K.L.:
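Structure below; questions to follow.
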There are 2 protein chains.
Amino acid sequence: MPRANEAWESLMKAYAVLMKQFNAEDVWGELTMREYDVLYQLSKCDSPLRMSELNRHVLLSQPALSRMVDRLADRGLVDRCPDPGDRRGVRLSLTPAGRETQRAIGRPHARSVARALSVLTPQELDQLAAITGKLAGNEER
Amino acid sequence: MPRANEAWESLMKAYAVLMKQFNAEDVWGELTMREYDVLYQLSKCDSPLRMSELNRHVLLSQPALSRMVDRLADRGLVDRCPDPGDRRGVRLSLTPAGRETQRAIGRPHARSVARALSVLTPQELDQLAAITGKLAGNEER
DNA sequence: TCAGATTCAATGCGTTTGCATCTACCTTAA
DNA sequence: TTAAGGTAGATGCAAACGCATTGAATCTGA
């Protein structure tokens, strides 16, 4: 059990250090990192995403995400249309401009990520992906 | 290089999932998770900590941290006294009440962490700690 | 079939955040 | 000694956040 807490603390520290490092990089242009994250999550799904689904992948409260999508839609980066199957819901997708913006920022950012993780061996990268994947899979209790 | 990006994405997802899980737990009382993090960082150092040092460990901008410490000091949880060696600086430490609060919240939270990470084997915990430790160590570029 | 419970997303509101800037102090070197 | 440059932390201000709540649509069981 102390091992678990050490591991979690170490993960948190790595997250903080790398996030600060990435945030300081001059690649974000007109977006914040959080906004980029939303665009990135949308870029991964070809079929439109539900608000609640997107919210599961983003570290924001539901109202904050709702308003952020609002702003991104106003800026023409995200398309928000009503879900025909569930009229409470909303279907989110990137506009062409949104996709373009995501790619333009994603390219240099991906390089930064690769550079930051280049201290790890390929085996370590695989282990890290496997272990964190296992952690994220265990969503419920 | 695609491996590095997969690993980072997986780490981010694990972080997001677990943070949401922890945040939803009913253990935080009068504190937010970010405030708890500040108290926790202070609880680890017996000698008073400098603002800038603390800022390195917390995912907050310098002004945001400055004001958070302000509020925590107003609430009697943190002691902020001028550094005799450098009169620009500040020495931060927990008050007895702050230490008590940190412990009261830290205990159940540590149990949650252990529970969430219980899907991993002891070897995986060690690997995770080692790998993330390596990542956090590489602070510059 | 329809009342109650649940889910999805939006909105009101007070608090917190980040950016830019400021003041105060330290350091260096001429 | 002192002027120039750098660092530590605080503050003004607009933007963004979280909590609580709402309105609307769906689901559920009697």
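Since this is a predicted model, take the numbers as computed values, not measurements.
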K.L.:
Quick one: does S66(B)'s side chain have a donor or acceptor within less than 3.5 Å of a partner on Q62(B)'s backbone?
P.N.:
no
K.L.:
How are the rings of Y15(A) and Y15(B) set to each other: parallel, tilted or perpendicular (split at 30° and 60°)?
P.N.:
parallel
K.L.:
Between F22(A) and W8(B), how do the two ring planes meet: parallel, tilted or perpendicular, split at 30° and 60°?
P.N.:
perpendicular
K.L.:
Using whole Å, report how far CG of N55(B) lies from C1' of dA10(D).
P.N.:
13 Å
K.L.:
How long is the line joining CG of L49(B) and P of dA8(D), in whole Å?
P.N.:
13 Å
K.L.:
Pick base, sugar-phosphate or nothing for R91(B), based on heavy-atom distances below 4.0 Å to the nucleic acid.
P.N.:
nothing
K.L.:
For a quick check under 3.5 Å, do Q41(B) and D37(B) share a side-chain donor-acceptor pair by atom type?
P.N.:
yes
K.L.:
Mark up nucleotides 11-20 of chain D, 5' to 3', with B wherever a protein heavy atom is under 4.0 angstrom from a base atom, S wherever such an atom reaches only the sugar-phosphate, and - elsewhere.
P.N.:
BBB--SSBBB
K.L.:
Dump the intermediate steps for salt bridge (charged side-chain N to carboxylate O under 4.0 Å, His left out) on R80(B) and D70(B), then the final yes or no.
P.N.:
CA-CA 9 Å; R80(B) 169 172 39 182; D70(B) 234 353; 2.4 Å; yes
K.L.:
Please check the phosphate of dA9(C) (OP1 and OP2 only) for any side-chain N or O of R50(A) closer than 4.0 Å.
P.N.:
yes
K.L.:
How many whole angstroms separate atom CZ of R56(B) from atom C1' of dT7(D)?
P.N.:
12 Å
K.L.:
Has the side chain of S10(B) got a donor or acceptor atom that lies under 3.5 Å from a matching backbone atom of G133(A)?
P.N.:
yes
K.L.:
Students often get this wrong, so: under 4.0 angstrom with heavy atoms, is D86(A) touching a base, only sugar-phosphate, or nothing?
P.N.:
sugar-phosphate
K.L.:
Looking only at N and O atoms, is any donor in the side chain of R88(B) or the base of dT7(D) less than 3.5 Å from an acceptor on the other one?
P.N.:
yes
K.L.:
Return the value, rounded to whole Å, for the distance between atom CG of L92(B) and atom P of dA8(D).
P.N.:
14 Å
